[in-house]
Amino acid sequence: MREIGIGATFAGLVVLAVAGIAAATPGPRDTGVIGLLATGGTAIGVGLPLWLLNPSTRVSFGAP
């Protein structure tokens with residue numbers, strides 16, 4: 001779950017960056033920017049708790 005959280009968090013950050021760039025460019029506004037913001041925010045909102053609340057797992061082979 002931790003790895004999924006890391007991936008979702010970084011994917012959400014990328015989507016939010018793309019939405020910010022799209023919002024900053026001149027031109028007609030559509031609902032695409034709002035959809036990108038919602039998608040990025042949701043990915044971060046799901047990813048961060050998964051990342052931060054699941055500790056990393058240590059695997060060792062052999063004698064302790």
**OP:** Only counting residues at least two apart or in another chain, list the ones meeting side chain to side chain contact (heavy atoms under 4.5 Å, CB included) with Ala19.
**Re:**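 Applying side chain to side chain contact (heavy atoms under 4.5 Å, CB included) to Ala19 gives Leu36, Leu37.
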
Original post:
With Leu48, which residues qualify under side chain to side chain contact (heavy atoms under 4.5 Å, CB included), at least two apart?
Top reply: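 Result, side chain to side chain contact (heavy atoms under 4.5 Å, CB included) vs Leu48: Thr9, Ile44, Trp51, Leu52.
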
Original post:
Are Ile6 and Val46 connected in a single hydrophobic cluster, I mean Ile/Leu/Val/Met/Phe/Trp/Tyr linked by side-chain heavy atoms less than 4.5 Å apart?
Top reply: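 No.
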
**OP:** Locate the shortest heavy-atom distance separating Ala43 from Gly12; write the atom from each residue and the value.
**Re:**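 Closest pair (atom of Ala43, atom of Gly12, distance): CB-CA, 3.7 Å.
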
Original post:
What's the shortest heavy-atom distance between Ala8 and Gly47, and which atoms?
Top reply: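 For Ala8 and Gly47, the tightest heavy-atom pair comes out as CB-CA, 3.8 Å.
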
Original post:
Once you round to the nearest 0.5 Å, how far does CG of Leu50 lie from CG of Asn54?
Top reply: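 If I round to the nearest 0.5 Å, the distance is 6.0 Å.
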
**OP:** State, yes or no, whether a side-chain contact exists between Pro55 and Arg2 at a heavy-atom distance under 4.5 Å.
**Re:**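 Pro55 does not reach Arg2 side chain to side chain.
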
